[in-house]
Amino acid sequence: NKAKKKKASATPKLSQPAIFIPVDRSPEIQEARLKLPVLAEEQVIMEAVRENPCVVICGETGSGKTTQVPQFLYEAGYASGIIGITEPRRVAAVSMSHRVAKEMNLSTRVVSYQIRYEGNVTDETKIKFMTDGVLLKEIQKDFLLQRYSVIIIDEAHERSVYTDILIGLLSRIVPLRNKKGMPMKLLVMSATLRVEDFTDNQKLFRTPPPVIKVDARQFPVTIHFNKRTPLEDYTGEAFHKTCKIHRMLPPGGILVFLTGQAEVHSLCRRLRKAFPFRKDEEADTSEAMRKFKKAKQKKTVSLPRIDLDNYSALPVDEGDEDREAGIGDEDDEGSDLDIGDDPGDAEEKADPSIPLYVLPLYSLLAPEQQAKVFRPSPPGTRLCVVATNVAETSLTIPGIKYVVDCGRVKKRFYDRVTGVSSFKVTWTSQASANQRAGRAGRTEPGHCYRLYSSAVFGDFSLFSEAEITRRPVEDLVLQMKDLNIDKVVNFPFPTPPSAEALVAAEQLLVSLGALKEPPRTGRVKEMEQARLSCPITPLGRAMASFPVAPRYAKMLALGKQQDCLPYVISVVAAMTVREIFVDLDRPAGSEDESSKLTQRRARLTQMRRLWAGQGASLLLGDLMVMLGAVGACEFAGCTPKFCEENGLRYKAMVEIRRLRGQLTNAVNAVCPEVGAFVDPKMAPPTEHQVVCLRQIVLAGLGDHLARRVQAEDILDPKWKNGYKTPLMDDPVFIHPTSALFKTLPEFVVYQEIMETTKMYMRGVSAVEAEWVPELLPQYCHFGPPLESPQPWFCSSSGTVRCHRSSTFFRVGWQLPAVEMEYPDGLERYKLFAKFVLEGQVCPKLKKHSSHLLSNPSIMLKTWARLQPRTEAVLGTLVSKRIDCRDALLSIWKTEDKCEELMSFLVSNHDVFSCIFLLQFCCLHTVSGSLNPCIKM
DNA sequence: CTCTCCCT
C-alpha cells in the first residue's frame with residue numbers, strides 16, 4: 001500500500017539500518033491518515049529523532065501529530081521499550097489510546113492508557129498514553145524511566161505544571177540514559193510556535209533541540225473585529241451578535257465564549273427567550289422531539305441562505321465582509337441591514353419562527369448535560385453553545401461554523417504574601433483567541449466574531465503565562481525533594497516560579513515537618529542558601545507518597561491515631577475534590593424552574609444542617625458536612641439519584657470514592673499495620689473521634705488559623721463578625737453557607753480564603769485555643785516557665801516539665817499556658833538535681849532524703865550561693881548532660897566506674913553520697929543489672 | 001448573609 005511504498009523509496013542513513021515494524025491498517029484508516037499534514041513530515045521527523053536526543057514538533061490541532069507521531073516511532077523500531085505519551089487531561093489520554101489502537105489494528109493490550117484511577121496497561125504494552133501527573137509519579141519509582149524508550153510530551157504549549165516539571169526532569173534523564181548506554185528519545189509537541197522557553201533555555205538543553213513545524217489541516221476562519229470594544233457589557237454584546245448571526249447567516253452551529261457559569265446561564269436564558277424553541281427547557285429530548293414535531297407540522301422554518309464562505313478566500317479588510325453580510329458593527333452608520341441596534345427592540349421580543357437550540361457548557365455541568373452538545377440539534381433548529389474555556393481545549397463541539405469571542409477569561413489569582421485566592425476576569429491572550437477562532441473551522445470554513453477591536457487584540461499578550469508562575473508550589477517542591485532534588489532553585493524549569501513562591505513553599509514544608517529545619521546560625525548568605533535547600537525528612541517521604549496537597553498529606557500521616565484514619569481519608573478526599581455541592585444559586589428561567597430550584601435549595605440547606613450535626617460534631621464545621629455527605633452518599637450506594645435528591649454533584653462524589661480508595665492504598669503502603677480499608681457503611685465518628693479529627697485538621701492547617709475579633713475590640717464596624725489572620729490586616733469572614741456561620745467560634749482553621757464581595761474563609765473548622773501551642777509549637781512563641789504551677793518531675797517520661805505561656809506568631813495572640821518539657825538550660829539541671837535528691841527520679845532513694853545535710857530545694861539557689869557539695873552535684877550533672885532520667889540511666893550504664901561521680905560523692909561524706917555509692921554497689925555487685933534499682 | 005476558569 002501507499003504508506004509502505006513511500007517508506008521503501010526513502011533512503012535511510014547508512015549508519016543506521018532501517019527497521020520497519022509492519023502495521024496492518026485497514027484501507028479506510030490508511031486513506032484517512034494520508035490526508036493528515038503530519039504524514040508529509042514523517043521522514044523529516046524521524047530523521048531528526050534519529051540524530052537528536054530531543055526534538056520539538058510544532059503543529060496546531062488538526063495536524064494529526066498526537067495520533068501519528070507515536071505510530072511513526074513504533075514503525076521505525078523505537079518500541080524496544082515503551083513509547084510513552086503524556087497528555088494534560090484524562091479524557092485525552094483515554095480517547096487517544098483507543099483511537100491509535102484502532103488505527104494500528106492492535107489490541108488495547110499493546111496500545112494502552114494509564115490515568116489517575118485506572119488503566120489497561122499490560123506486559124505487552126508498547127504505546128502508552130497517560131496523564132502527565134502519572135509519569136511524574138513513575139519517575140519517583142524509577143528515576144531513569146528504564147521501561148521507556150521514548151517519551152512524548154504532548155500539548156506542551158499549555159504549560160501545565162506537570163508538563164513543565166517533566167520537561168525539566170527529562171532534560172537530565174535523557175543524557176543520563178544515553179551515557180549509560182540505554183538510549184532514550186524525548187519529543188516535545190506544541191500547538192504553537194512559542195517554544196523558546198524550551199529551545200533557547202541553556203539551563204534546559206545545552207544544544208537547542210531542532211524544531212519541526214507541521215501544517216494543520218484546518219478550514220479557513222475569517223476573523224471579524226468589532227470597531228468598538230464594550231468594556232462593561234460584553235455579555236450584552238455577545239447577545240446582540242449571536243442574535244444577528246442567527247437571523248442573518250446561513251446554517252451552522254454558533255459557539256459563544258464567555259467567562260463563567262453565571263454569565264453562561266444568563267445568556268442562555270436571554271437567547272432562549274428571544275428564539276423560543278420549546279417551553280420546557282428541562283424536558284428530556286424525547287419529549288422535546290414530540291413537541292417539536294407538533295410545532296413543525298404547523299409551520300416550516302426557514303433560515304437565510306447567504307453563502308459567506310465565498311468571501312473567506314479574499315484578503316479581508318476589517319469590516320468589509322461584515323458590510324456585505326450585513327452583520328458587522330464596524331460599518332458606517334446605516335449600512336447595517338434591517339436590524340436595529342437598540343437592545344430593547346426586536347431582539348428582545350420572542351421570535352419562535354427561527355428556533356435556536358441553546359445549550360450551556362462549562363466544566364462543572366453534569367456530564368449528561370455536557371453530552372447534549374455532541375448530539376445533533378433537533379431538526380430545523382440551529383445549535384448555539386454558550387461555553388466557558390472548556391470549549392477552548394478540553395471539549396470539541398462538532399458542526400461549529402461561527403464563534404463569538406468576548407475576548408476575556410476568568411482566571412484564578414493568588415496573593416503571594418497572604419495566599420488569598422480570587423477570580424478575576426482579564427483579557428485573554430492572542431494564542432487563546434486564535435485557538436477559540438479555530439473552533440469555527442473544524443468541519444467547514446467558518447467565521448469568528450471578536451467583540452473587541454483589532455487594536456485591543458494587538459495589545460493582548462502573545463501567550464498566556466505558564467501555570468507554574470501563577471500558583472503556590474509547595475506540592476511540586478515536595479515532589480522534587482522526594483526525587484532528592486534539594487536545591488529546587490537550581491532546577492531547570494522552562495519558566496521558573498518566583499523566588500518568593502519557592503521560599504514560601506519551603507517554609508510551609510519545614511513547618512509541616514516534611515523538610516529538615518535549616519540552621520539558624522551561621523553566615524547570612526549560607527543561611528539563605530540553606531533555607532532553599534532543606535533536605536526531606538522521613539515524614540516528608542511518607543507525605544510525598546500521598547497524592548494530595550502537603551497540608552492534607554500531613555493529616556493523612558497523623559490519621560492512624562484513635563481509629564480516625566477512615567474519617568481523615570474521607571475528609572481529605574472531599575477537600576481535594578472541588579465543588580461537591582451543586583450550584584443552585586442561579587436565577588431561574590421559568591416559574592416552574594424557580595420553584596424547583598427553591599425546593600432543591602431548601603433540601604440542600606436542610607441536609608447540610610443534618611450532616612453538620614450538633615454539639616461536638618458541629619465544631620468540625622464544614623469538614624463535618626463533607627464527611628456527613630460522603631458517609632450518607634456511600635451508605636446509599638453513591639447513586640446518581642441520591643446525589644440529585646440531596647444537592648450533591650454526582651461526578652464529585654464518584655471522584656471522592658475513587659480518591660478514598662487510592663488514599664487508603666497509599667496509607668497502607670506506608671504503614672501496613674494500620675490495615676485501612678474503605679467501608680461503604682462507615683459509621684459516623686464518635687464525639688471523641690470528632691475531637692481527634694479537629695486536632696488532626698489543625699495540625700495540617702496550622703498556617704490557616706484565624707481568630708475572631710472580640711466585640712469589645714471592634715473599633716471599625718467593618719470588623720463585625722470578622723476574623724483576624726496572622727498575614728492580613730483586613731478581616732476575613734465565615735461564609736454564610738458555612739456550618740459555623742452562626743456559631744462564630746473563637747478560633748477556626750480554614751481550607752482557603754477566597755475574595756469575592758468580601759474575604760471569605762472556605763472549609764471552616766473550629767479549634768480549641770489550648771490545642772494551638774500543643775499541636776503547633778512551630779508557630780508559637782513561649783514565655784519563661786511559670787512559677788505557678790511549679791515545675792514538676794514527670795515520672796512517666798522521666799523529664800522535668802512545666803507550664804509556659806504562649807503567643808501565636810506574628811500576631812501575638814495570647815494562648816493558654818501549656819504544659820511542656822522544661823526548656824533546655826541550667827535551670828533544668830537544677831530542678832532535675834532537686835528531684836533526684838527528693839527521690840522522685842528513683843523512688844528507692846526517697847527514704848534517704850530526710851537524712852540529707854541540706855534540703856533538696858537548695859539546688860534551686862543561684863550558682864553563687866550553692867555550697868561546694870551541692871555545686872559539685874550540679875557541676876557533674878551539667879558536665880555529663882544529665883537533665884532527665886534517661887540521661888542518668890545511660891551514664892550509669894556506660895560509665896563503668898563513674899569515677900568522677902564516685903570520687904566527689906565519697907569526698908563529701910554526705911548521706912546522699914552514700915546513697916549513690918550504695919546504688920553503685922548494688923548495681924555492680926548484687927544484681928548486675930540496672931533495672932531493679934530504678935524500676936518505678 | 002452569598003455568587004468560582006481549567007487541570008493533576
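None of the values given here were measured: they were computed from a predicted structure. Convention: sequence-line order gives letters A, B, ...; per-chain numbering from 1.
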Tell me whether the side-chain N/O atoms of [X] come closer than 4.0 Å to OP1 or OP2 in [N].
X: A:T393; N: B:dC7; value: no
X: A:T756; N: B:dC3; value: yes
X: A:T757; N: B:dC3; value: yes
X: A:S394; N: B:dC7; value: yes
X: A:R408; N: B:dC5; value: no
X: A:S160; N: B:dT8; value: no
X: A:R90; N: B:dC7; value: no

Could you work out which one of [options] sits closest to the side chain of [X]?
X: A:T388; options: B:dC5, B:dT4, B:dC7; value: B:dC5
X: A:F423; options: B:dT8, B:dC5, B:dC3; value: B:dC5
X: A:M754; options: B:dT8, B:dC1, B:dT4; value: B:dT4
X: A:Q261; options: B:dC5, B:dT8, B:dT4; value: B:dC5
X: A:R762; options: B:dT4, B:dC1, B:dC6; value: B:dT4
X: A:Y162; options: B:dC3, B:dT8, B:dC7; value: B:dT8
X: A:F741; options: B:dC1, B:dT2, B:dC5; value: B:dC1
X: A:V390; options: B:dC6, B:dT4, B:dT2; value: B:dC6

Between atom [atom1] in [X] and atom [atom2] in [N], what is the gap in whole Å?
X: A:E465; N: B:dC7; atom1: CD; atom2: C1'; result: 17 Å
X: A:I734; N: B:dC1; atom1: CD1; atom2: P; result: 13 Å
X: A:L166; N: B:dC7; atom1: CG; atom2: P; result: 19 Å
X: A:R159; N: B:dC7; atom1: CZ; atom2: P; result: 19 Å
X: A:E155; N: B:dT8; atom1: CD; atom2: P; result: 13 Å
X: A:R471; N: B:dT8; atom1: CZ; atom2: P; result: 13 Å
X: A:R436; N: B:dC5; atom1: CZ; atom2: P; result: 13 Å
X: A:F733; N: B:dC1; atom1: CZ; atom2: C1'; result: 11 Å

Greater than 12 external heavy atoms within 6.0 Å of A:R541's CZ: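 Yes, the 6.0 Å shell around CZ holds more than 12 heavy atoms from other groups.
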
Over 12 foreign heavy atoms within 6.0 Å of NZ, A:K718: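 Enclosed.
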
Row check, A:Y750 ring normal vs A:R762 NZ/CZ: under 6.0 Å, within 45°: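 Because its charged atom misses either the 6.0 Å distance or the 45° angle limit, A:R762 does not stack over A:Y750.
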
Any residue meeting side chain to side chain contact (heavy atoms under 4.5 Å, CB included) with A:K758, in chain and number order, not counting sequence neighbours: A:F733, A:Y760

5′-ward residue of the pair A:E655/A:R412 relative to DNA chain B: A:R412

Set of side chain to side chain donor-acceptor pair (under 3.5 Å) partners for A:D622, sequence neighbours left out: A:S738

Sugar-phosphate only, base, or nothing, as touched by A:E579 at under 4.0 Å among non-hydrogen atoms: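 It contacts base atoms.
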
Nearest heavy-atom neighbours spanning A:G722 and A:P731: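 Scanning both residues, the minimum pair turns out to be CA-CB, 4.2 Å.
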
